[in-house]
Amino acid sequence: MADIGTEVIHIEHGDWDDHDDMGPTSGDLAARLSDLGRSLAAFRTDLAQDLHRTTLLVYSEFGRRVDENGSRGTDHGRGGVAFALGGTVQGGRVLANWPGLSPASLDDGALAVTTDLRDVFGEVLERRLGANSAGVAFPGHAYAPVGLFP
């Protein structure tokens with residue numbers, strides 16, 4: 001690690017807004033997810049000596065609908081996703097209040113939002129960056145840790 005004093009880096013990667021030919025094992029989304037997986041594995045390998053000092057979040061601020069559209073894809077929905085990687089992340093778990101896929105559990109055909117991304121970010125701010133209160137970053141939001149760290 002360069003040890004240049006940098007505490008936060010944000011990288012945006014576009015082109016995830018597919019509506020057709022999504023996969024599950026081939027197609028545009030499957031190819032992008034495979035690339036993401038390889039990139040995260042390489043990141044972990046490259047930072048092996050410093051992984052204990054690193055927390056990486058990968059997230060999407062919007063989800064997809066559950067039903068397939070006419071072009072073998074899905075349209076915009078609600079429930080998104082976040083992945084956390086790092087030496088202190090208590091990994092290997094799915095942190096969610098899974099609503100299920102029954103029509104009654106869906107939000108207008110999409111997964112319901114069960115975890116607020118501000119809670120994920122807030123936990124990183126407090127536990128990894130030493131912020132006194134995540135509420136300062138998210139005024140008006142009642143922060144609740146999601147359990148990323150032991």
Side-chain angles (χ1 to χ4, degrees), residues 7-45 47 51-150:
E7 291 189 77
V8 176
I9 296 172
H10 177 267
I11 299 170
E12 183 173 334
H13 185 293
D15 293 335
W16 285 85
D17 191 12
D18 280 340
H19 294 266
D20 58 3
D21 193 27
M22 291 179 71
T25 58
S26 64
D28 295 337
L29 181 62
R32 284 189 182 92
L33 288 172
S34 178
D35 182 54
L36 175 63
R38 288 190 311 275
S39 298
L40 292 174
F43 182 85
R44 186 180 190 284
T45 299
L47 285 178
L51 198 59
H52 67 283
R53 314 181 332 165
T54 305
T55 301
L56 175 99
L57 294 177
V58 177
Y59 63 93
S60 174
E61 74 283 3
F62 74 92
R64 308 303 293 187
R65 292 181 54 84
V66 172
D67 55 323
E68 186 176 290
N69 63 24
S71 57
R72 296 185 9 220
T74 59
D75 297 318
H76 291 218
R78 299 256 308 128
V81 67
F83 302 107
L85 181 145
T88 61
V89 171
Q90 190 172 303
R93 303 168 302 137
V94 174
L95 303 173
N97 178 13
W98 177 245
L101 295 174
S102 70
S105 299
L106 299 178
D107 181 2
D108 191 29
L111 289 176
V113 176
T114 62
T115 303
D116 193 310
L117 284 176
R118 294 173 292 185
D119 294 331
V120 175
F121 298 140
E123 188 166 350
V124 172
L125 286 171
E126 287 188 0
R127 297 291 304 277
R128 297 294 291 144
L129 295 173
N132 289 330
S133 171
V136 172
F138 307 110
H141 175 67
Y143 161 68
V146 297
L148 289 175
F149 307 103

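Bear in mind that the values here come from a model prediction, so they are computed numbers and not experimental data.
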Main-chain N/O of [Y] paired with [X] side-chain donor or acceptor, under 3.5 Å:
{"X": "Asp119", "Y": "Ala144", "result": "yes"}
{"X": "Ser71", "Y": "Gly73", "result": "no"}
{"X": "Glu126", "Y": "Ala134", "result": "yes"}
{"X": "Asn69", "Y": "His19", "result": "yes"}
{"X": "Glu123", "Y": "Gly147", "result": "yes"}

Checklist entry - Can you name the one residue among Val89, Leu148, Leu56, Val8 that meets side-chain contact (heavy atoms from CB on, under 4.5 Å) with Val124? => result Leu148

Item to check | Partner of Val120 by side-chain contact (heavy atoms from CB on, under 4.5 Å), out of Leu125, Thr115, Leu95 | outcome: Thr115

Next on the checklist: Run the side-chain contact (heavy atoms from CB on, under 4.5 Å) test on Arg65 and His76 for me, step by step, so that the C-alpha distance in whole Å, both residues' side-chain angles and the decisive distance to 0.1 Å come before the verdict.
Outcome noted: CA-CA 6 Å; Arg65 292 181 54 84; His76 291 218; 5.9 Å; no

Checklist entry - Charged N to carboxylate O below 4.0 Å: is that the case for Asp35 and Arg38? => result yes

Write down the atom of [X], the atom of [Y], and the distance for their closest heavy-atom approach.
{"X": "Leu57", "Y": "Phe121", "answer": "CD1-CD2, 3.6 Å"}
{"X": "Arg44", "Y": "Leu51", "answer": "CG-CD2, 3.8 Å"}
{"X": "Gly122", "Y": "Phe138", "answer": "N-CE1, 4.0 Å"}
{"X": "Gly100", "Y": "Leu106", "answer": "O-CD2, 4.2 Å"}
{"X": "Leu117", "Y": "Ser60", "answer": "CD1-O, 3.7 Å"}

Item to check | All side-chain hydrogen bond (donor to acceptor under 3.5 Å, both in side chains) counterparts of Ser105, not counting sequence neighbours | outcome: Ser102

Item to check | Any Val136 side-chain heavy atom under 4.5 Å of Tyr143 side chain | outcome: no

Next on the checklist: For the residue pair Arg128 / Thr55, report whether a side-chain donor-acceptor contact shorter than 3.5 Å exists.
Outcome noted: yes

Next on the checklist: Working note: Thr45 + Phe43, criterion side-chain contact (heavy atoms from CB on, under 4.5 Å); need CA distance, chi angles, decisive distance, verdict.
Outcome noted: CA-CA 5 Å; Thr45 299; Phe43 182 85; over 6 Å; no

Checklist outcome for this item: Distance col, row Arg32:CZ vs Ser39:OG, nearest 0.5 angstrom, shows 13.0 Å

Next on the checklist: Please report the interatomic distance CG(Leu29) to CG(Leu33), rounded to the nearest 0.5 Å.
Outcome noted: 4.0 Å

Item to check | Worked verdict on Val66 versus Leu101 for side-chain contact (heavy atoms from CB on, under 4.5 Å) | outcome: CA-CA 8 Å; Val66 172; Leu101 295 174; 4.0 Å; yes

Next on the checklist: Walk me through whether Phe149 and Gln90 qualify under side-chain contact (heavy atoms from CB on, under 4.5 Å).
Outcome noted: CA-CA 5 Å; Phe149 307 103; Gln90 190 172 303; 5.9 Å; no

Checklist entry - Who passes side-chain contact (heavy atoms from CB on, under 4.5 Å) against Val113, sequence neighbours left out? => result Arg78

